[in-house]
Asks: 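My questions will all concern the structure given below.
Chain naming here is simple, since letters A, B, ... match the order of the sequence lines and numbering starts at 1 in each. No experiment lies behind these values; they were computed from the predicted model shown.
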Amino acid sequence: MQMELEGNTKFNEYEEKIRNHQANGHNYQQDKLHQKKESDAQFLIAQNPLLMRNLLIIIDTTKSSKVSDFKPSRLAVALQFLPAFIEQFLECNPLSQIGIAVAEEYKCKTILDFTSSCVNIKQYLSTIHSINEAGFSMAACLQTALHVFSTTQLHAQSSILFVTTSTYSDDKLDLNEWSEKCESAAIQINVISFAGAIHQLIKITQATDGQYLCPINEFQFSQEIQKFISPQESKNHKMITQLVKIGFPQKLIVSQPTLCQCHLEIVYNFYKCPVCYSKVCSPPLLCPICSTWVVLPHQILRSDGFNTLAVFEIINDGLDHICYGCLESTTVIHSTCERCKNFFCLDCDILIHSKFKVCPGCA
Amino acid sequence: MKFVIDDLEVIFPYKFLYKEQLEYMQALKQTLDEKGHGILEMPTGTGKTVSLLALIIAYLAQRPNSIKKLIYCTRTVVEMEKTLEEVRLVLKARKAEGLNDNFTAVGLSSRKNLCINPDVVNQKDRVDAECRKRTAEWVKKEQSETCIFYENFEKSAKETIANLPNDVYSLTDLRKNGAYSIQCPYYTAREMVKKANIVVYNYLYLIDPTVSSQLSKDQIKESVVVFDEAHNIDDVCIEAYTVRLNKPILAEAINNLKVVETQIQSETNEIQNRLNEEYKKLINNLEKKPEGELNQLVIPGQIRKARNFIDFMKRVINSLRKKLKDNSEALKTSHAILHNPKSFTEEIQKEGNLDIDSLKQCGERLNLLLNTLQIAETDKFRPLSSVAQFVMYLVQYQEGFKVIFQSNNYEGTLNEKLMTLACFDSSLAMKNIFALFQSVILTSGTMSPIEIYPKILDFKPVVAKSIDIELTRNSIQPIIVSMSEDGTELTSEFTLRNNEDVSRNYGNFLLELSENVPDGLIVFMPSYSRMEEWARQWQKDKYLEQISKNKVLFIESRDVNETSTKLQQYRKCCDVGRGAALFSIARGKIAEGIDFEGHYGRCVAVIGFPALNSKDTLILERCKFLEEKFKITKNDFIEFDAMRQTCQCLGRVLRGKQDYGIMIMADKRFAQKSKLQKMPRWIYKQLDQSRCLNITSETAITVVRDFFRQMAQPFKIADNSYFTQDTL
């Protein structure tokens, strides 16, 4: 299986870390063990993810986003931590897409339609800035969101993540009406607020099985936002099974600049849709020409629920084994895959569980 | 749940019992054991009423010899209904435990709240008079319009009441039962009060001398009287004994007399007969009584005859009128004129040639006459009875009273000279109650400093206790703001009232608050005039406009109906997430008795120090009296009164353990030590001295922001702050 890793640079990082720290002895082992536990826990949470998720991030840019109780400002803090979140989100949910909208004075504007291109999203995030007028309106946001979600596929789980800074929702529309519409459309509403609990918004999030989080400081913001990475259990999500046309693309690297069909940008390496041969740059995406889902194989593998990977068992037998991942000898603590009985060092274990989601031995 | 305090088995209707509830019950039990009076302070929203009821009902059941009856006094009808529901809950729990006790609980309220006769109820303000018209003794003889509900009640009252099962009868139940059996709920309730073990009614039924005299005949000594929300009880006592008269009222009284006079002079035999009968009765009364013993019902000879009495009253009114006129001239140059009751009485006596005994009895005599003449519309004769009351109190009580002439706007009359017989002695009304009943319990959320109440009400409590609240998290955050951002002082002091900086700083602070407080924000200001002044200034500086962008703005008005619609809208705005701000008066209707639970009240800001107007003659005199009699200085009293008012306002915000809220006091005077000492302990304990005392408005906003984020974290009440059946 040919794999294309977006996290190629990450891999190098890991390698470097392994080389640098090997000599540090016991502490190093403990740290690694701890890391393994964390990554395993994260892995277990995300074990049975929904195949596709659509997340719309709505950022409140009204006057209160300028408040500087979070340094330098609430909006800046949000924009500082969102890129990392989006990166992780797309890594953990490879077939998912993210859209961005901003809430302005009594209205809501989508600035980016659903896409899974991390670079693209980051680019658009950097264009967001605070406005001087107050007037955050939840109902207007929900109206926009419903409009945006109406074009997406039914089998995907739709959720909204509000990043609010206001202490009120000033609605020209009926908020209840629109939140009920969201509820019936099985859209999960999550809120991460800078301004404390607003009774009505909590009620709405509870009705749609969402979460209402309220971080106390910058660090907690970066932690709390992680909670939205793995899909949350949703009671009112109607499982709709549909046949989806999927195509695995071929990667091409050319020396001549070409225009990609999806974003109309100049690219040098791109993928070719197996159905219509149009050039696309960042799978997974819906081919703009023939509406085929263009996905890479490892993305499906990583996001489905086939139990291709289980948590590796820690073995502390003190014997020397050759790690099946990096082909180097491991000592003292190592782990083994239950299925293929291969041994792995802790570094490879962590890497497998957090990134690959597939055991090299079993594969 | 079921548990034992000392040797008393208490059934509590909830699964959880907070620590402070247990403490409260223990203190209460001690009071009952010692058969004395008690003062108990416990924070609002911690289940005060239910613990009180659970304990007293247990006591009633298990010690029937020491206590026979519970009289629970509330301030409003809503509170009454709430209390009765709690009683129902307790009794239900007792039944579920298999206890079989015969308790009847009944609520008594005025005709206005109980009447079910559609013809009468629609009359609104005239319900009392319309009812009397239909139910008075003489009405049936004349075969005029009668009330079918009352007639049915008369016929079978005894049986029905005897047959009523032991249960809780709230006002709604009474009305429902009445409609079902076609019997008057009001009279049924009045009859039931005599027999029921648990009675719930208004303060005034005990305190107001005109009302309490009707009820006091059936009181049992072995009763527990509970005054709920008793922090203002001294004001109620004083108000009950204060009579105000002015020119229009006196003119009305003369008109009343004329009506009575024409009736007496009418030649119809019937009325003459009745008058004669009455006269004979009075004479007989006199003969029956052994000589030397002064009885209340003995009417002095001078006013025994109806005609003489009318003349007498005429002279009384005329002399009062003359007094008012004389003093009006003098009022042009001075603010207020004071008279000693004693000298004032003498002057009136000389003026109208009146004797003291007759003055003492004129109220009694007036009621008698109105009865004889079969005048049912007593409300029309209120001016006349006020006059009678005025002279009665004037003669009866000398100490603690003053006659004050003022140029005041009273009841809509512009700049009408006002004659007030002011009572300053709050112990007067309570004296009877303390003597009449075995145990009197005063309880409220804010009764600090607790030592002052026994002083001003003149009694010795066996238990005076302030009970703390145990909070798992710091769910209340008192903040004392004394400076604005630029360092100018924030204060509502009288000398700075024209300073625009102060009002601008307050406006700025409120604007910041409105931006950072989610859902409901309640702002209390010292007085209407001050609020109007500030609002005008804020309007000019565009603060109100900006605040209304963050919150929907409501302002309390003097009109009660308008205010209640505003409150409804306020709640609605909080419900939809828009958030609302309510500007109200620290001594207004909203500050007392209206709860802002949960998201309806996330922040209470008391803007300015709500001190009584120390220039007002009435208050000055009251302070003088208190200093003379109880050695309470003027400053002490004014501070005490302002702080209890403030704490009442602040207490609006916390209505339970899950609830949270910010309490802001924005005036530099709050930070003074003497004021801090007068705060209830449960508020003072939460005041973070280093972070929240004496801070600028900017720092306060930072604290507010942090607080709301802190409170939005998931939270569970700590296990060790309550008991369950197992852990007890």
Side-chain angles (χ1 to χ4, degrees), chain A residues 62-71 74 105-106 132-139 141-142 162 164-179 189 191-206 211-218 220-221 223-224 227, chain B residues 473-475 477 510-521 542 545-553 570-581 596-603 655 658-662 698-715:
Chain A
T62 52
K63 199 181 169 192
S64 48
S65 65
K66 281 179 164 179
V67 176
S68 58
D69 50 351
F70 280 65
K71 299 286 183 267
R74 289 175 177 183
E105 198 188 1
Y106 304 120
N132 263 331
E133 282 78 22
F136 169 72
S137 169
M138 185 87 163
C141 292
L142 292 181
F162 278 95
T164 66
T165 56
S166 303
T167 50
Y168 57 86
S169 162
D170 189 355
D171 304 314
K172 301 273 184 276
L173 304 154
D174 186 359
L175 181 56
N176 277 331
E177 187 194 322
W178 286 95
S179 62
I189 300 172
V191 177
I192 185 155
S193 168
F194 284 94
I198 304 167
H199 183 76
Q200 179 66 11
L201 299 198
I202 291 178
K203 257 168 79 183
I204 290 174
T205 54
Q206 279 168 355
Q211 278 181 298
Y212 190 101
L213 299 177
C214 195
I216 292 171
N217 49 32
E218 289 88 341
Q220 213 190 347
F221 180 85
Q223 295 297 307
E224 298 245 291
K227 287 184 185 164
Chain B
R473 50 177 185 177
N474 292 327
S475 58
Q477 175 92 68
L510 284 184
L511 174 61
E512 292 268 300
L513 265 186
S514 73
E515 235 171 73
N516 290 296
V517 175
D519 298 326
L521 164 71
K542 308 250 176 208
E545 196 184 314
Q546 289 178 64
I547 289 172
S548 63
K549 263 188 189 165
N550 299 326
K551 302 247 174 256
V552 185
L553 194 60
Y570 170 86
R571 279 166 196 267
K572 214 171 170 183
C573 284
C574 291
D575 277 336
V576 297
R578 174 70 176 88
F596 295 94
E597 70 280 1
H599 61 287
Y600 296 122
R602 282 293 179 230
C603 175
R655 295 279 129 193
Q658 297 276 1
D659 209 352
Y660 60 89
I662 278 193
E698 203 179 6
T699 329
I701 295 295
T702 321
V703 175
V704 168
R705 282 180 192 145
D706 281 352
F707 175 79
F708 283 120
R709 275 198 284 271
Q710 206 78 49
M711 285 303 123
Q713 307 304 318
F715 148 80

Asks: First locate atom NE2 of A:H199, then atom CZ of B:R602, and finally report the distance between them rounded to the nearest 0.5 Å.
Replies: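 The NE2 atom of A:H199 sits 8.5 Å away from the CZ atom of B:R602.
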Asks: To check you understand the geometry: which heavy-atom pair defines the closest contact between A:D171 and B:V576, and what is its length?
Replies: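 Scanning both residues completely, I find the closest heavy atoms to be OD2-O, 4.4 Å.
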Asks: CD1 of A:I216 to CZ of B:R705: how many Å apart, nearest 0.5 Å?
Replies: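 Those atoms lie 15.5 Å apart.
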Asks: Does B:Q546, at its CD atom, have more than 12 non-hydrogen atoms belonging to other residues, nucleotides or ligands within less than 6.0 Å?
Replies: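 Atom CD in B:Q546 is packed in, count exceeds 12.
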Asks: Is chain B contacted by the side chain of A:E133, its backbone, both, or neither, given a heavy-atom distance below 4.5 Å?
Replies: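 A:E133 has no heavy atom closer than 4.5 Å to chain B.
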Asks: Out of curiosity, A:K63 NZ to B:K549 NZ, how far, rounded to the nearest 0.5 Å?
Replies: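 NZ of B:K549 is found 7.5 Å from NZ of A:K63.
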Asks: For the residue pair A:I198 and B:D519, what are the closest heavy atoms and their distance?
Replies: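 What the structure gives for the nearest pair is CG2-OD1, 3.5 Å.
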Asks: Would you find more than 12 non-hydrogen atoms of other residues, nucleotides or ligands less than 6.0 Å from A:K172 atom NZ?
Replies: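 Check passes, neighbour count above 12.
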Asks: Does any backbone or side-chain atom of B:V517 lie under 4.5 Å from a heavy atom of chain A? Answer side chain, backbone, both or neither.
Replies: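 The answer is the backbone of B:V517.
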Asks: Under 4.5 Å from any heavy atom of chain A, what part of B:Q713 do you find: side chain, backbone, both or neither?
Replies: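 It is the side chain, since no backbone atom gets that close.
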Asks: Identify which part of A:S169 has an atom lying under 4.5 Å from any heavy atom of chain B, answering side chain, backbone, both or neither.
Replies: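 Both backbone and side chain.
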Asks: Measure distances from B:Y600 to the heavy atoms of chain A and classify the residue's part below 4.5 Å as side chain, backbone, both or neither.
Replies: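 Neither part; nothing is under 4.5 Å.
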Asks: With rounding to the nearest 0.5 angstrom, report the CG to CG distance, A:D69 to B:D706.
Replies: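 If we round to the nearest 0.5 Å, A:D69:CG and B:D706:CG are 7.5 Å apart.
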Asks: Using a cut-off of 6.0 Å, state whether more than 12 heavy atoms not belonging to A:K203 lie near its atom NZ.
Replies: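 At most 12 heavy atoms, drawn from other residues, nucleotides or ligands, come within 6.0 Å of this atom.
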Asks: Give the member of B:C574, B:S514, B:P518 that has the highest number of heavy-atom pairs under 4.5 Å with chain A.
Replies: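 The candidate making the most pairs under 4.5 Å is B:P518.
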Asks: A:A197 and B:Y660: which non-hydrogen atoms are nearest, and at how many Å?
Replies: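 Scanning both residues, the minimum pair turns out to be CB-OH, 3.7 Å.
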Asks: For B:R709 and A:F194, work out which heavy atoms get closest and say how close.
Replies: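 Heavy atoms of B:R709 and A:F194 come nearest at NH1-O, 2.6 Å.
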